[in-house]
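Below is one structure, written out as structure tokens, with a few remarks after it.
Here is the naming used below: chain letters follow the sequence lines, and residue numbers restart at 1 for every chain. No experiment lies behind these values; they were computed from the predicted model shown.
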Protein chains: 2
Amino acid sequence: MQYFPAALERLTEEFGKLPGVGSKTAQRLAFHVLSLPDEDAAGFAEAILEAKRSVKTCPVCQNLTDQKLCPLCADDRRDHSLVCVVAEPRDVIAMERAREYSGVYHVLHGVISPLNHMGPDDIRVRELLSRVAQGTVREVIMATNPDTEGEATAMYISRLLRPMEIKVTRLAYGIPVGSQLEYADEVTLLRALEGRREI
Amino acid sequence: MQYFPAALERLTEEFGKLPGVGSKTAQRLAFHVLSLPDEDAAGFAEAILEAKRSVKTCPVCQNLTDQKLCPLCADDRRDHSLVCVVAEPRDVIAMERAREYSGVYHVLHGVISPLNHMGPDDIRVRELLSRVAQGTVREVIMATNPDTEGEATAMYISRLLRPMEIKVTRLAYGIPVGSQLEYADEVTLLRALEGRREI
């Protein structure tokens with residue numbers, strides 16, 4: 001016997017499809033939506049549709065935007081010959097927070113990850129190559145995460161870029177500022193030692 | 001500077017309003033929705049609207065339904081003179097799972113909770129009283145949760161029902177079946193002792 005109305009079951013099911021949302025949480029969220037005023041629920045539904053409708057990727061850097069070009073690619077004051085390659089749109093925000101980088105970006109929308117069935121063709125590698133092939137890029141900074149998949153992706157892309165005769169660099173590894181030496185893992189310490197600089 | 005398109009920010013904000021969803025999770029969910037095929041995102045939005053549109057409360061027991069009467073109230077084989085009072089629609093399902101109860105329900109949609117600004121008028125107490133006043137109800141079983149607020153709500157309602165000359169009962173307290181005595185708290189053990197029965 002079905003105790004809940006079909007529409008409620010369906011809404012629960014929809015919430016359950018979201019990443020990290022189990023069946024109990026999905027039910028709680030569905031009940032919450034039912035308890036909302038009509039206009040709030042309608043606003044939520046409209047936000048979903050509007051986001052899908054208006055958000056596209058920038059044809060140059062592949063970052064999310066609702067303009068023809070994203071604000072960063074459209075900014076003349078930035079150095080368009082310097083391209084920082086990141087895995088996700090949120091990594092652009094992290095870089096911008098440092099207020100130091102004046103180049104532009106390239107968002108891969110993922111990393112190469114055989115376990116998750118993500119190959120080179122599933123991320124925006126081809127777009128990067130054709131962008132570099134246009135000849136205006138001087139340096140590509142690989143800024144994927146310093147984990148196995150991020151490393152592998154950076155290595156893969158840098159190998160493809162090598163014949164194009166541009167500078168390809170990688171963000172420095174080392175001990176994070178504000179952290180304590182005793183908590184740093186060995187690999188980080190090793191990398192910090194390798195990358196030591198004169199002061 | 002705004003790095004993300006406005007529609008994406010708005011969707012993130014909408015997800016952030018859901019209970020238990022923080023800003024990081026909200027962003028992750030918004031990105032997930034963007035990555036969905038158009039028809040899946042539209043299906044999600046439609047599920048929200050459809051649930052709000054079609055799900056109402058049963059005029060008799062206040063449980064959620066998309067019919068005129070909920071399936072339990074419409075069922076002639078059930079004992080309509082026996083009413084089990086629960087806090088939430090999901091509690092009806094919990095009771096039904098026991099496959100023993102043959103009466104009907106009354107869903108309060110909350111409990112009295114001064115801390116959460118929930119008074120007696122914010123839950124469906126009045127509906128219960130007018131239902132009992134019609135004279136067809138023989139017994140009301142209070143089945144709110146055995147916590148402070150559930151207890152207080154059960155006490156409050158039973159006091160209102162007392163002048164109506166019907167039987168008002170409360171679910172038995174005791175040690176849960178399948179649990180271990182050594183993990184039972186003192187209050188539960190005390191209640192189990194008080195409620196002991198001959199075998």
Checking heavy-atom separations under 4.5 Å from chain A, one finds in residues 36-56 of chain B B:L36, B:P37, B:D38, B:D40, B:A41, B:A42, B:G43, B:F44, B:A45, B:E46, B:A47, B:I48, B:L49, B:E50, B:A51, B:K52, B:S54, B:V55
Under 4.5 Å to a heavy atom of chain A? For B:V92 that would be neither
For residues 159-181 of chain B, the salt bridge (Lys or Arg N to Asp or Glu O under 4.0 Å) pairs (sequence neighbours left out) are B:E139-B:K167, B:E151-B:R170
I'd like to know if the side chain of B:S113 and the backbone of B:E149 have a donor-acceptor N/O pair within less than 3.5 Å.
no
To the nearest 0.5 Å, atom CD of B:E96 lies from atom OH of B:Y101 at 8.5 Å
Residues pairing under side-chain hydrogen bond (donor to acceptor under 3.5 Å, both in side chains) where one sits in residues 86-95 of chain A, two or more places apart or in two chains, turn out to be none
- Task: May I ask you to check whether over 12 heavy atoms, not counting those of B:R138, lie within 6.0 Å of atom CZ?
- Result: yes
Of B:L8, B:D66, B:V21, the largest count of non-hydrogen pairs under 4.5 angstrom with chain A goes to B:D66
Scored by heavy-atom pairs under 4.5 Å with chain B, the best of A:C70, A:P19, A:A30 is A:P19
Quick note, side-chain hydrogen bond (donor to acceptor under 3.5 Å, both in side chains) partners involving residues 183-194 of chain A, not counting sequence neighbours, are A:D185-A:T188
- Do we see a donor-acceptor contact under 3.5 Å between the side chains of B:Q27 and B:T12? no
Exercise. Measure from the side-chain N and O atoms of B:H106 to the backbone N and O of B:R124, and report whether any donor-acceptor pair falls under 3.5 Å.
Key: yes
Under 4.5 Å to a heavy atom of chain A? For B:E13 that would be neither
